[in-house]
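Single-structure report; data block below.
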Amino acid sequence: MDNILEVIGVSKNYTGHKALDDVSINIARGTVYGLLGPNGAGKTTLIRIINHITAPDSGTVMFDGHTLTAADVSQIGYLPEERGLYKKMKVGEQAIFFARLKGLSKADATTQLKRWFEKFGISDWWDKKVEELSKGMAQKVQFIVTVLHRPKLLIFDEPFSGFDPINANLLKQEILQLRDEGSTIIFSTHNMGSVEEICSDITLINKGQNILTGNVDELRHRFSDGRCSLTFTGDPRQLMEQLKPMASEFFLDEPKGDEQRLELKLAPGAMLRDVIAAANESTDLIEVGRVMASMNDIFIKTVKQNENND
Amino acid sequence: MANNIMLVIRREFLERVKKKSFIITTILMPVLMLAMMAAPALIMMVSGSEERDITVIDETGMIGSRLQSDKETHFNNLAATPLDSALADTDVSGVLYIPAGTMDGKATPRLYTNGSSSMSLESNVTSQINDIIEDERLKQYDIENLDKILEEVHSDVKLMSIRNDREEGEAQSASATVSYLIGIILTFLLYMCLLLYGQMVMTSIIEEKNNRVLEIVISSVKPTHLMLGKICGIGLVAVTQILIWGVLIAAMSAFVLPALIPDAALSEMAALNAGTLDASSASMDMEVLQAMTLMSNVGYILQLFGLLILFLIGGFLLYAAIYAAIGSAVDNIQDASQLQSFVIFPIIIGIIFGMTAAGDASSPAALWTSFIPFTSPMVMMARVPSGIPMWEVWVSLAILYASFLAMVWIAAKIYRVGIFMYGKKPTFKDLIRWARYK
């Protein structure tokens, strides 16, 4: 598989604690990769190592097939969670400054910035000072600055925080488009809903260790634990009675008109088709579905399990 | 990546130079300094018009009548009035009581004042009484033609000091007073620049950290490069300011000053430079003449500013590095105050030694502190106007530049750890520990 980034056995110690302990991650080119974990898990340290801001104590980082060097930084765009701009500088001037730091020429930076500013409808901010902008406005500028040099790898840390739903959606579309144009995106967030929406793979870090890695859909199936749902009209109590030998847990939703929805967990060895047959007998079955675990559940469950093991 | 340092330098430099406050201070400062020099003369011209009436009660009968009134002070001789009744009159500015034994030095004259006295009044009264008493005592020797003899005896020597160890053609005449003044001015200029621009480095780093723009910048620039760029950018601002002042002053001395100085003084200055001036015939005070000669010597001024800039760069980089390390370690200005004493303390020691060195450039204390890098910029600039051997200047500069390289290296190590530290207020110990991280 073609990986843009491979983190191999990276460890980093600060006095007194291990920020990262033998972490390995492979990120395939052209994907949106979720980097998850509770506060203080070591995500920021890992991102800083990928950004060549700090060096790992041991382990290596491979970028685009070679060991990561300082020169690769111009191929990476990073939008940190805590971010700001120079308050006294004009927006356009500042954007050009950051673009040039990433290796763009002044002329290139200017033309591309003008295009982005138009796209976001913020052209008239060009000569404004940053201190005149609202937080959301400044964040748009920061986003543009991050992606302007068309990096191969983009790292977004909580990109949607502080945005209203309309702008958040606009940003999401832009991120997905960047992916479609060939950029790889590392997406770090606590918002599990957005992980389900845009990430294809994730890694969950806790206490400096990689405790879960995988494809989002696969994980959600795996963690669904044989849960399925039946939507039907009829008597739910009778159905539950009937299904008892085949399933262990039942969750009955509030009925919507005639329709009832029952979630259940298959007992070990039980087959879904037997459940369907039984349900078909006693009710009018409308829909059978597999229940996917939410990323939220997966996050909480995995982290708790990890804490208990310690 | 060296390109990125240049970009950071450019940003830091332009951001400050384009500010209105920079342009205003750069232009106004020389004007202000001139005004400060001219102020005492102006104040003297404006003030001093207050008139005082002094009632004199003279029991000797010899002094009171000979006290000379002038514009500011009127002496009214009331020989027969008793002191008590004279004192009862509080409308006069004061009462001068000269008891009988004054002539023999057995009693002391007393000045009773209603309201405040003044130094000029007191010295006026004292010197007049002394002159009268001396006069009277001389007369008792009964010398013929005394006045004529006194006039012939009177001497008013003006000292002209000339540097013996200077090459021919250099400004040879420099009185200690003039070099003292220039030394003090240069020392203060350096002190101000080090403190002001050093703190600018610190506040700018704190601001960057505080407002988290740092997080964005360091994703493109190495922390060490960012620190270097910032220090150099702000240093350039300081150098620019001094350069502008240097050019302004040199231009004034080349074009403005010759036009203002009277022709007589001009020819005397030329004579002074050539070493042919007859001091006794000079129309002006020697020191004023020497000061003017120096001020109109463009080469000398350029040399001074050249050295000033060399010491400014070295001293600034040394102190800015420390300021940068401190700025990186704290979250806000308040937390910085304690650590700042590590910088302010040596700077103040520097200015103190600088001021003494301006007075006596060859004292051992001045010599040694002008080699110690923390004090050398200020002390050396105080000594330079007195004309010290050039090798001392170069050695001092070499030590200074070597130590700033070492300091920048240490500061960079602290900086790249410090900028990621939020929350806890760091101690000096923490800084040392960070510097030791590999």
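Per chain, numbering begins at 1; letters A, B, ... match sequence-line order.
No part of A/Thr44 comes within reach of chain B, as not one of its non-hydrogen atoms sits under 4.5 angstrom from that chain. Using a 4.5 Å cut-off between heavy atoms, A/Lys90 makes no contact with chain B at all. Looking at A/Glu81, neither its backbone nor its side chain comes within 4.5 Å of chain B, counting heavy atoms on both sides. For B/Val417, no part lies near chain A; criterion is any non-hydrogen pair under 4.5 Å. Contact annotation for B/Glu208: only side-chain heavy atoms (C-beta onward) come within less than 4.5 Å of a heavy atom of chain A.
Among B/Arg11, B/Lys18, B/Lys19, the single residue meeting the salt bridge (Lys or Arg N to Asp or Glu O under 4.0 Å) criterion with B/Glu15 is B/Arg11.
For the set A/Phe98, A/Tyr78, A/Phe97, the entry with the most heavy-atom pairs within less than 4.5 Å of chain B is A/Phe97. When B/Val8, B/Ile218, B/Ile216, B/Val213 are compared by the number of non-hydrogen pairs under 4.5 Å with chain A, B/Val213 comes out ahead. Of the listed residues B/Glu215, B/Arg212, B/Arg10, the one with more heavy-atom pairs under 4.5 angstrom with chain A than any other is B/Arg212. Between chain B and the residues A/Arg48, A/Gln142, A/Met89, the most heavy-atom pairs under 4.5 angstrom are made by A/Arg48.
A/Thr45 contributes atom OG1, which lies 11.0 Å from atom CD1 of A/Ile50 (distance to the nearest 0.5 angstrom). To the nearest 0.5 Å, the span separating CD1 on B/Ile348 from OH on B/Tyr191 amounts to 5.0 Å.
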Enumerate, atom names and distances included, each donor-acceptor pair closer than 3.5 Å involving a side-chain atom of residues 313-331 of chain B, sequence neighbours excluded.
| residue | atom | partner | partner atom | Å |
| --- | --- | --- | --- | --- |
| B/Tyr319 | OH | B/Phe374 | O | 2.7 |
| B/Ser328 | OG | B/Ala325 | O | 2.8 |
| B/Asp331 | OD2 | B/Gly423 | N | 2.7 |

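Within 6.0 Å of atom NZ in A/Lys119, more than 12 heavy atoms from other residues, nucleotides or ligands are found, so the atom counts as buried in its surroundings.
Using a cutoff of 4.0 Å between basic side-chain nitrogens and carboxylate oxygens, B/Glu12 and B/Lys230 are scored as salt-bridged.
For the residue pair A/Glu181 / A/Gln177, a side-chain donor-acceptor distance below 3.5 Å is found, with atom types taken as modelled.
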